[in-house]
Amino acid sequence: MAKVCEDRAMGVFAEDGRHRVAVLVRHGLLPMELGIVHRIFGQAETADGRRLYEVVTCAPEPGELRTDVDFTVNVRHGPEALAEADTVVVPASQQDYGTDDGCLSEEMARAVARIRPGARVASICTGSFVLAAAGLLEGRRATTHWRSAEQFRKLFPEVELDADVLYTDEGGVLTAAGVASGIDLCLHMIRCDHGAAVANEVARRTVVPPHREGGQAQFIRRPVPEPQYSSTAAARAWALEHLDQPVTLRELAACQAMSVRTFTRRFREEVGVSPLQWLTQQRVERARQLLEETELTVDRVASDAGFGTAASLRQHLQAAIGVSPSAYRSTYRGLRRKVGRLRWGRPARARWVLGREWGGGCLVVYGAELGRGGAGAWVVRPGAGCAAA
């Protein structure tokens, strides 16, 4: 791959070399959702303490914005920030509730139009209404807050709405269901950009779970057990300490002194997935971390993560993120020559984005493409002076 040679021009963003995140807010914004983006991305650092992201807030018109609480937010930047951003996040606003036309205001439409081609775009909660009205979700799978799902379907029948998941990732356009799942989505993007180790450290600093799958249920009717019921937390903690060993439902239930039937029901009520689904998710996460951070063989990674054999690891990793263990390791261990040839333009049917990096004006995306087999690399945002070998 030829090295590209021009630095990005300075503008709204002050730090060259960092991934640029713009949060597009509106009147009626939810301050917590705005804070999530700044907090999660702002905590991501390299091993030597260098911050990986620069986050700015912008609005269609800079100035003082109303919120859904008793204070306002003063936004310095206008939509010019969108033209420079690598990632744009659109949180919810009170304006989204009860909307009946599915159209953007003129100023919002002008702002969204300034998002540069190739930028990653994400929404939190009913921010998905903005993405859908702008046509960014047409023909794509998306989610929104479960309370707004019926209205969303009426306004945007061309979008494949899945109101039962925490978040979706459709190859550069992402949606999160609500406030807490906005944290999950930001961690997911960090994991895609820089790997599980960086994302897990951000989660540890923020004191949140390091990983919840996007397909996990967003609405759990009894998320906190009633006082007379026992939690399944002890069983989950025990399982995480024994991932390299066979773990059965009977053993998990015994940790809580429950029958298998009762434990399975309580576990799903608390976590949103079955015990075996959760166990597989944790093993995939452990395998990803080992592939990124160690030189262990694939057979050893499979054993330490609890999959037993390399074939089983390959099967589960392929199902979870669409690539083989060796392709995943190549991306995060810097062995780019093993990823594949450089291609120009966005992969239209990307199943999973493994990583992104800047090269003097070009955003290079490493990922897997549906129906193509294996991994690949694409320059999705060529800038002046970009060239491919």
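Residue numbers count from 1 along this sequence.
- Within 6.0 Å of CD in E150 there are 12 or fewer heavy atoms belonging to other residues, nucleotides or ligands.
- In this structure, the separation between CZ on R39 and SG on C186 is 13.0 Å, given to the nearest 0.5 Å.
- Residues V247 and W238 are in side-chain contact: their nearest non-hydrogen atoms beyond the backbone lie under 4.5 Å apart.
- Across S123 and T175, no two heavy atoms sit closer than the pair OG-CG2, 3.3 Å.
- No hydrogens or angles considered: a donor-acceptor pair under 3.5 Å links the side chains of E270 and S231.
- By the 4.0 Å N-to-carboxylate-O rule, R120 lies close enough to D193 to be salt-bridged with it.
- Side-chain contact annotation: Q256 with T232, donor-acceptor N/O pair under 3.5 Å absent.
- T262 places no side-chain N or O within 3.5 Å of a backbone atom of M258 that could act as its donor or acceptor partner.
- Counting all heavy atoms, side chain and backbone alike, A149 lies closest to L161 at O-CD2, 3.5 Å.
- Salt-bridge check for R20 with E54: failed, with every basic side-chain N at 4.0 Å or more from each acidic carboxylate O.
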Verdict with reasoning, D299 to T297, per side chain to side chain donor-acceptor pair (under 3.5 Å): CA-CA 5 Å; D299 286 321; T297 65; 5.1 Å; no
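- When side chains are defined from C-beta on, V121 does not count as touching L174, because their heavy atoms never get closer than 4.5 Å.
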Between Q282 and L243, does a side chain to side chain contact (heavy atoms under 4.5 Å, CB included) hold up when you go through it step by step? CA-CA 8 Å; Q282 305 312 307; L243 283 180; 4.2 Å; yes
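- Residues Q277 and T280 bring no donor and acceptor atom of their side chains to less than 3.5 Å of each other.
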Would you check, one step at a time, whether the test side chain to side chain contact (heavy atoms under 4.5 Å, CB included) holds for I124 with V179? CA-CA 7 Å; I124 299 176; V179 176; 5.8 Å; no
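- Side-chain atoms of S93 come within 3.5 Å of backbone N or O of H27 as a donor-acceptor pair.
- In terms of heavy-atom proximity, A92 sits nearest to Y97 at CB-OH, 4.4 Å.
- H77 has its side chain out of reach of P62: every pair of non-hydrogen atoms, C-beta onward, lies at least 4.5 Å apart.
- Using a 4.5 Å cut-off on side-chain heavy atoms (C-beta onward), L296 and D304 make contact.
- With hydrogens and angles disregarded, a donor-acceptor distance shorter than 3.5 Å links the side chain of S181 to the backbone of G178.
- The side-chain heavy atoms of H38 and T57, taken from C-beta on, include a pair separated by under 4.5 Å.
- Judged as a ring pair (Phe, Tyr, Trp, His ring centres under 6.0 Å), the pairs with a partner in residues 44-75 (not counting sequence neighbours) are, in order, H19-Y53, F41-Y53, Y53-H194.
- Distance alone, capped at 3.5 Å, places no donor-acceptor pair between the S312 side chain and the G308 backbone.
- When each of T168, T143, T144, D96 is checked for a side-chain hydrogen bond (donor to acceptor under 3.5 Å, both in side chains) with S128, only T144 meets the rule.
- Heavy atoms only, all atoms of each residue included: V75 and A59 are closest at CG1-N, 3.8 Å.
- Side-chain atoms of E292 and Y328 include a donor-acceptor pair closer than 3.5 Å.
- The pair R191-E285 meets the salt-bridge criterion, with a side-chain N (NZ, NE, NH1 or NH2) lying under 4.0 Å from an Asp/Glu carboxylate O.
- E170 contributes no side-chain N or O that, together with a main-chain N or O of R140, makes up a donor-acceptor pair within less than 3.5 Å.
- By the 4.5 Å heavy-atom criterion applied to side chains, F129 and L155 are counted as neighbours.
- Considering only heavy atoms from C-beta on, R51 stays 4.5 Å or farther from T46 through its side chain.
- Within a 6.0 Å radius of CD in E106, no more than 12 heavy atoms belonging to other residues, nucleotides or ligands are found.
- Between the OG1 atom in T206 and the CG atom in L187 there is a gap of 7.0 Å [rounded to 0.5 Å].
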Quick one: do V198 and E45 satisfy side chain to side chain contact (heavy atoms under 4.5 Å, CB included)? Show the steps, please. CA-CA 7 Å; V198 174; E45 297 179 349; over 6 Å; no
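- The number of heavy-atom neighbours closer than 6.0 Å to CZ of R205, taken from other residues, nucleotides and ligands shown, is above 12.
- Atom CG of N74 sits about 8.0 Å away from atom CG of L65, to the nearest 0.5 Å.
- Among all heavy-atom pairs drawn from G78 and C58, the shortest one is O-CB, 3.3 Å.
- Side chain of R268 to backbone of P275: no donor-acceptor contact under 3.5 angstrom is found.
- Between the CG atom of D86 and the CZ atom of F13 there is a distance of 7.5 Å, given to the nearest 0.5 Å.
- Taking CG of L185 as the reference point, atom CG of D169 lies at 7.5 Å (rounded to 0.5 Å).
- Considering all non-hydrogen atoms of both residues, A81 and A22 come closest at O-CB, 4.3 Å.
- The backbone N or O of W278 lies less than 3.5 Å from no partner atom in the side chain of R283, so there is not a single donor-acceptor pair.
- When side chains are defined from C-beta on, L317 does not count as touching F307, because their heavy atoms never get closer than 4.5 Å.
- No side-chain donor-acceptor contact under 3.5 Å links H188 to the backbone of D184.
- Atom CD1 in I115 sits 10.5 Å away from atom OG1 in T87 (nearest 0.5 Å).
- Remark: R153 CZ is packed, more than 12 non-hydrogen atoms of other residues, nucleotides or ligands lying under 6.0 Å away.
- Side-chain atoms of Q245 do not come within 3.5 Å of backbone N or O of H242 as any donor-acceptor pair.
- Using a distance-only test at 3.5 Å, with no hydrogens or angles considered, a donor-acceptor pair links the side chain of R286 to the main chain of L240.
- For the side-chain contact (heavy atoms from CB on, under 4.5 Å) test with P91, the passing option among I36, V23, L30, L29 is V23; the others fail.
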CA sep, side-chain torsions, deciding dist, call: V89, L24, side chain to side chain contact (heavy atoms under 4.5 Å, CB included): CA-CA 6 Å; V89 181; L24 177 59; over 6 Å; no
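- In summary, R110 and E107 do not engage in a salt bridge, as defined by a charged side-chain N under 4.0 Å from a carboxylate O.
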